[in-house]
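Here the structure is laid out as structure tokens; the discussion comes afterwards.
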Protein chains: 2
Amino acid sequence: MLKEERQRAILNEVALHNRVLLTDIAEALDVSIDTVRRDVKELDAEQKLRKVHGGAISLGFTNQSIRNTNIYALEEKMKIAEKAVKLLKEGGVIFIDGGTTCLELARALPENVRLTCFTLSLPVAFELLAKPNVEVIFIGGQLSRDAQIAIGAHAIHGLSEIRVDYSFIGTGYVDSLYGLTEFDWDIVQLKKAVIKAAKKTVLLCISEKLNSQHRYKTCDINAINTMITELDPTNNLLNLFRDHDLRLL
Amino acid sequence: MLKEERQRAILNEVALHNRVLLTDIAEALDVSIDTVRRDVKELDAEQKLRKVHGGAISLGFTNQSIRNTNIYALEEKMKIAEKAVKLLKEGGVIFIDGGTTCLELARALPENVRLTCFTLSLPVAFELLAKPNVEVIFIGGQLSRDAQIAIGAHAIHGLSEIRVDYSFIGTGYVDSLYGLTEFDWDIVQLKKAVIKAAKKTVLLCISEKLNSQHRYKTCDINAINTMITELDPTNNLLNLFRDHDLRLL
DNA sequence: TTAAAAAATGCATAAAACAGCAATTTAAAC
DNA sequence: GTTTAAATTGCTGTTTTATGCATTTTTTAA
């Protein structure tokens, strides 16, 4: 078997499965592991793939790490934000939650609509300040280092004093049966207060999170009035949510 | 399973839900907890996520450094911040005002001193969150678009409920005779509340602002306990301030 | 304060990488 | 066609890396 042929087979495998084990290739092509190792070493030098301990992975696989500086699933989240914007009315009073999806909503707010906007999230507040027609009110409290939002009793009390038309919230996990759940107990308390403070609650959620659960429960799925995903509302993935008294967008 | 695959799976989970438990990952990927721990440790070293006790969390949005590169008189302000830091005591409770000088103080806070820190300023809050040993409490309220601080009745009321060891404040104008003055009436009300909430008030002020006035008065110069400029305390420019009951640094 | 969970540490094992060598193949020159 | 040099390949022993386990230390929560 020619070297060329072998290397093409390796690249093919990597393109197909994003990964390959040296031992597998060696067995499949019936050559010694050293040969495969040398091949992969060459291909790595040629930037055709990335050699790792025990095998090789596709370049696309690694390049995704650059996306880390950006927002995960940005496309989807922008799509969700676009849909959410349509719910807004001139002069409305809304709450925008923390998290990257809600941050996208803050970015996507139209410049020409006058709004009053409450938030607990530092990054969201920043974004909102860039909107000339939005009055921003930050609900104070102790700040969570990782989530960059106000948490704790003070924040919850602050929420108890407001009543907004719409709360746009995110969630860690959502399931048609178990409802909205979170990893963090403090966050659950906060989200409960957010839902209480809203006439209508809108859940912004990428489809990847559907049908996942964690330990603490925020609310049942029917506490949500509208759920927005990046999917078309008729998509089959949403079937489980269709029974509930829930508007899908 | 290749190490890289595992690490990608971890990053993916973190990107999706902002946090993971090491035990969950170990179970899901069917490897020992030690392996997951080592993976997370590596990813943390690579700044791909943040390792915390029991799991890992996403870096959040902090990476979009809001660092304003063009701060006026940065050198001087950093010098002031350095001096201000010397006043801090372990376990102290302080307030940090808005403005670029105070922002430099927030940046200059030592990592190893445990502090509780109140602020009204969005940028200051962001900086403080980068300090592992600082508990940050944001005093909420309506946000001022240009100053990026909380203003208004709610913020003032929030200030009335706290009492800190030190308030570090800036000012628009300062004069040995007329005291601290501002262009903006709302800001004056706020600063008054800040001074009231502090046992001791420290004014951070570049020398360029000395002997300037404006229309609304925050307080007399002797309401200030310590004034820090970038100058040597013996500098002649400070002579006019030497008569007052005012510590110069 | 105590008890439980998690992290760190050291160690053992197995797999993988590497370096050097020898055998084989290929290419090129005469 | 023969010879020589270069490249390729597989093998051997050594080094490095990855992983899991046991033990100790630290952290967290009750």
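Proteins come first, then strands; the chains are lettered A, B, ... in the order of their sequence lines, and each starts at number 1.
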Atom pair distance, as rounded to whole Å: [atom1] in [X] and [atom2] in [N]:
X       : N      : atom1 : atom2 : result
B:Leu22 : D:dT26 : CG    : P     : 20 Å
B:Asp39 : D:dG20 : CG    : C1'   : 13 Å
A:Ile33 : C:dA15 : CD1   : P     : 12 Å
B:Ile57 : C:dA6  : CD1   : P     : 16 Å
A:Arg37 : C:dA19 : CZ    : C1'   : 12 Å
A:Ile25 : D:dT9  : CD1   : P     : 14 Å
B:Lys3  : D:dG20 : NZ    : P     : 13 Å
B:Glu4  : D:dA18 : CD    : P     : 8 Å

Looking at [X], I want to see if its [atom1] is surrounded by more than 12 non-hydrogen atoms of other residues, nucleotides or ligands under 6.0 Å.
X        : atom1 : value
A:Lys79  : NZ    : no
B:Glu111 : CD    : yes
A:Lys51  : NZ    : yes
B:Glu46  : CD    : yes

Self-check item: Which residue lies more 5' along DNA chain D, comparing A:Glu42 with A:Asp34 via nearest heavy atoms
Solution: A:Glu42
Self-check item: Earlier contact from the 5' end, DNA chain D, for B:Asp30 and A:Arg38
Solution: A:Arg38
Quiz item: Pick one: which of A:Ile94, A:Asp97, A:Ile80 meets side chain to side chain contact (heavy atoms under 4.5 Å, CB included) with A:Phe168?
Solution: A:Ile94
Quiz item: Phosphate oxygens OP1/OP2 of D:dA18: is one of them under 4.0 Å from a side-chain N or O of B:Lys41?
Solution: no
Practice problem: Would you indicate, yes or no, if D:dT19 has its OP1 or OP2 atom less than 4.0 angstrom from a side-chain nitrogen or oxygen of B:Arg6? | Solution: yes
Exercise. Output the single nucleotide from C:dA16, D:dG10, D:dT28 whose closest atom is nearest the side chain of A:His53.
Key: C:dA16
Practice problem: Among D:dT9, C:dA16, C:dA17, find the nucleotide with the atom closest to the side chain of A:Lys51. | Solution: C:dA17
Exercise. Assign A:Val52 to base, sugar-phosphate, or nothing according to its heavy-atom contacts below 4.0 angstrom with the strands shown.
Key: sugar-phosphate
